[in-house]
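Just below is one structure, and these are the notes that go with it.
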Number of protein chains: 2
Amino acid sequence: MSITIKDIAKQAGVSISTVSRVINGSKPVSNEIRQKVMQIIEETGYMPNPIARSLVMKKSQLIGVVVPDISNTFINEILSGIEEIGRMYNYDILLCSTYGDQEQELRYLNLLKAKQVEGIVFMTWELDEKLIKYISNIDTPVVLINRNTDKLEIPSVSIDNFKAAYEITEYLINKGHKEIALMRRQGHDAFSLRIYEGYKKALEDNDIPLNENIVYEGEYKIEKGYELTEKLIEGKNVPTAIFASNDVMAIGAINALFDNGYNVPNDVSVVGFNDIELSSIYRPKLTTIHQPIYDIGAVAIRMIIKKINEEELDCNIVELPHDLIERESVKSIK
Amino acid sequence: MSITIKDIAKQAGVSISTVSRVINGSKPVSNEIRQKVMQIIEETGYMPNPIARSLVMKKSQLIGVVVPDISNTFINEILSGIEEIGRMYNYDILLCSTYGDQEQELRYLNLLKAKQVEGIVFMTWELDEKLIKYISNIDTPVVLINRNTDKLEIPSVSIDNFKAAYEITEYLINKGHKEIALMRRQGHDAFSLRIYEGYKKALEDNDIPLNENIVYEGEYKIEKGYELTEKLIEGKNVPTAIFASNDVMAIGAINALFDNGYNVPNDVSVVGFNDIELSSIYRPKLTTIHQPIYDIGAVAIRMIIKKINEEELDCNIVELPHDLIERESVKSIK
DNA sequence: TTGTAAGCGTTATCAC
DNA sequence: GTGATAACGCTTACAA
């Protein structure tokens, strides 16, 4: 059996409240007694039981993090930010990976609530009405990552996806490309839509007609990027450029091109979205939209902590700055 | 304020013990009362407070996981295994990332102990005496990942690194290579040593003299692989093959080779170790030692759970099977 | 400045 | 079968 505050009190010949006071510095304690108690704590290696403490204080010092897939590079870079900043504020991270299954998401949200987490950082591929409703009604603070809800007042952090999509599409156009395939996520979540809109607007503003035959939908998986590109190739529909709304898909696309005898960027230009670590590792290095991934996590957890402390958020929807990173996967065809 | 067992008891007109019994099924309760209580629980959406429960049961249902770097692909694939299996047994994962800092490791180990985790899965780049001593003395069950301690009885799970290193070195030899550079982790932990020994033994058994000028040490980082390879190139010391004891380093090496005008595998063959996802994504696809990464995590957490339940472990040191995966980064020069 | 005691939400022991 | 009640280890009025 582990050593408790009682033992310390007994050994020091004081009451447990006094011991509690020296531990928490909550009320003045005479120097003499403090010294003694501290010494005994030191000697015995006593550590307060955080569970008991949580029970009385109604604070678990836990933040739940729900993500669709831990092994996704983009996500675990966000996780780093969350973890590191959370730790600074003395919060621990309870990790849940949903693998994109919505039932699972709901179940975890519930589980975390039951576990008394003080806040939840939530990330999903697809934010539908059911989820939004659930999150709106929950009493635990939630912040969304990379998914915002337009109308609703659920806090979120992301970049300006519309603008980013617009920029990178226009970049391709400025390089002389007119046939630009888009690979976006299937489904109709706000995020995916935003990307699509940015893409369409850029085409429109540059008087390029939208060709719906070369906008594809699929999950954010490398295999999907590969598969979709093979379809493009089989259909003899190979455009001069591909905009994949996710780096991993972009790399899948490059692989498919490569395996079918196409050279990137000489035959086809490819751009991605996110700037995961792999993007600069891969050859050709990927031209992409850089998101401040780590910061997204860091900001999200700061928001959660603020909400936990019932501080006012400066802004409910934060959009961090992004950059267009030119590397080697695009060629000018002017 | 959240709803408690008391409220349920009151509403149902029974005692809290009865409610507790229907929740836990710990003792028989008349059907009538059970129905009623269940219904009220349903209606109110009551959830037992796990913190209070933990306090009395002295079980936190938490498993601590300490890893050097969440964003490392190898590691977060292990994490998936841990998370998934842990969840099956109703354990939650408390995540700590140490960034390889030993002080941090010790601090987290302590923190987790304080947090009352029931077991710890520990992964480190370098397992030194201090750490071993600490782990041996701690009363919380610990299992090590990918690092074993030779003599000690701390449970661990990994592959047979000596054998794997031997195999892949011999594979290169059988392909006609005689100058095989080794990139291994700096430091003298058992893991790195095992790799080195496997490498040396394979050379020895094939009558190839060891050339210490082409065994390099560095961290498991892509930049390090790059840097080390550039050194090889600058020194005009380019071997016919490179064995990097980590896929990420191997890819760094390939990049350096590529950027300096060498072709892989035509000019230089490169092999890695681990078979992270990237290895099959990258072009050329990397020939490497496949570790059952997910399973390593899964087995580790099962071991922890067994130890928590004080079941006997079949085996303290488990070594999972590995494979040599032939892909595209090696060329025969017979 | 210090101690006493109530209470946090449960489970478990004991009577009934 | 069911209900009091102690206990888990701690914080925090309230008293002294």
Side-chain angles (χ1 to χ4, degrees), chain A residues 1-38 40-41 44-62 90 111-118 139-140, chain B residues 1-38 40-41 44-62 90 92 111 113-118 139-140:
Chain A
M1 230 201 58
S2 188
I3 170 165
T4 79
I5 198 173
K6 256 187 206 160
D7 303 315
I8 305 295
K10 196 170 291 172
Q11 284 194 45
V14 298
S15 75
I16 57 169
S17 13
T18 303
V19 177
S20 173
R21 281 170 198 134
V22 351
I23 292 170
N24 300 298
S26 45
K27 288 221 171 161
V29 174
S30 77
N31 232 308
E32 193 186 358
I33 293 190
R34 168 186 286 98
Q35 297 292 316
K36 189 164 185 184
V37 171
M38 299 254 272
I40 294 182
I41 289 180
T44 54
Y46 163 72
M47 297 173 150
N49 179 334
I51 296 184
R53 185 181 269 169
S54 291
L55 184 58
V56 25
M57 310 237 285
K58 295 170 177 306
K59 297 215 20 136
S60 64
Q61 296 293 345
L62 248 32
N90 235 307
L111 177 81
L112 288 175
K113 200 181 136 198
K115 284 277 177 182
Q116 316 276 95
V117 299
E118 297 183 39
D139 48 355
T140 313
Chain B
M1 226 201 59
S2 189
I3 170 165
T4 78
I5 197 172
K6 258 186 205 161
D7 304 314
I8 304 295
K10 198 170 289 173
Q11 284 193 45
V14 298
S15 74
I16 56 169
S17 349
T18 303
V19 178
S20 174
R21 281 173 197 132
V22 352
I23 293 169
N24 299 297
S26 44
K27 288 217 171 163
V29 175
S30 78
N31 232 306
E32 194 186 357
I33 292 188
R34 168 187 286 100
Q35 296 292 314
K36 189 164 182 183
V37 171
M38 299 254 272
I40 294 181
I41 289 180
T44 53
Y46 162 72
M47 295 173 152
N49 180 332
I51 295 183
R53 187 179 269 170
S54 291
L55 184 58
V56 29
M57 308 233 289
K58 295 172 177 306
K59 297 216 21 136
S60 64
Q61 295 294 344
L62 248 31
N90 236 307
D92 285 299
L111 178 81
K113 199 181 137 200
K115 285 276 178 182
Q116 316 275 95
V117 299
E118 298 183 37
D139 48 356
T140 313

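Numbered from 1 within each chain, the chains take letters A, B, ... in sequence-line order.
When rounded to the nearest whole Å, the span between CD1 of A:Ile23 and P of D:dT11 equals 6 Å. In this structure, the CD1 atom of B:Ile5 is 14 Å from the P atom of C:dC8, given to the nearest Å. Distance CD1 (B:Ile16) to P (D:dA6): 12 Å, rounded to an integer number of Å. As a whole-Å value, the separation of B:Lys59 NZ from C:dT10 P is 19 Å. Atom CD of A:Gln116 is separated from atom P of C:dG9 by 9 Å (rounded to the nearest Å). At whole-Å resolution of the value, NZ in A:Lys58 and C1' in D:dC10 are 13 Å apart. Remark: C1' of D:dC10 and CZ of A:Arg21 are 13 Å apart, rounded to the nearest angstrom. As a whole-Å value, the separation of B:Leu55 CG from D:dT11 P is 12 Å.
Here A:Lys27 does not reach the OP1 or OP2 of D:dA13: none of its side-chain N or O atoms lies under 4.0 Å away. Contact annotation: B:Lys6 does not reach the phosphate of C:dT10 (side-chain N/O to OP1 or OP2, under 4.0 Å). An OP1 or OP2 oxygen of D:dG3 is reached within less than 4.0 angstrom by a side-chain nitrogen or oxygen of B:Ser15. Taking 4.0 angstrom as the limit, A:Ser30 places none of its side-chain polar atoms (N or O) nearer than this to OP1 or OP2 of C:dT1. Between B:Asn49 and C:dC8 there is no side-chain N or O to OP1 or OP2 distance below 4.0 Å.
Residue-to-nucleotide contacts include no donor-acceptor pair under 3.5 Å from the side chain of B:Arg34 to the base of D:dG1. A donor-acceptor contact under 3.5 Å is formed by the side chain of A:Ser17 with the base of C:dT4.
When all heavy atoms of A:Gln61 and A:Asn90 are compared, the pair lying nearest together is OE1-O, 3.1 Å.
The residue B:Ile51 sits apart from the nucleic acid: no heavy atom pair falls under 4.0 Å. As judged by a 4.0 angstrom heavy-atom cut-off over every strand, B:Thr18 is placed among residues touching the sugar-phosphate backbone only. Residue A:Pro48 is in sugar-phosphate contact alone, with no base atom involved, counting any heavy-atom pair closer than 4.0 Å across all strands shown.
Take the nearest nucleotide of DNA chain C for A:Asn31 and for B:Met47: the residue whose nucleotide is more 5' is A:Asn31. Toward the 5' end of DNA chain D, the nearer of the two residues B:Ile33 and A:Arg53, judged by each one's closest nucleotide, is B:Ile33.
With hydrogens and angles ignored, the 3.5 Å screen pairs no side-chain donor or acceptor of A:Thr140 with any backbone N or O of A:Glu118.
In this structure, of D:dG9, C:dT10, D:dT2, it is D:dG9 that holds the atom nearest to the side chain of A:Val56.
Put simply, the side chain of B:Pro50 reaches to within 4.5 Å of the side chain of A:Gln116, judged on heavy atoms. Using a 4.5 Å cut-off on side-chain heavy atoms (C-beta onward), B:Lys6 and B:Val19 make no contact.
No hydrogens or angles considered: a donor-acceptor pair under 3.5 Å links the side chains of B:Ser15 and B:Thr18.
Each of B:Ile16, B:Val37, B:Ile23 was scored for a side chain to side chain contact (heavy atoms under 4.5 Å, CB included) with B:Ile8, with one residue passing: B:Val37.
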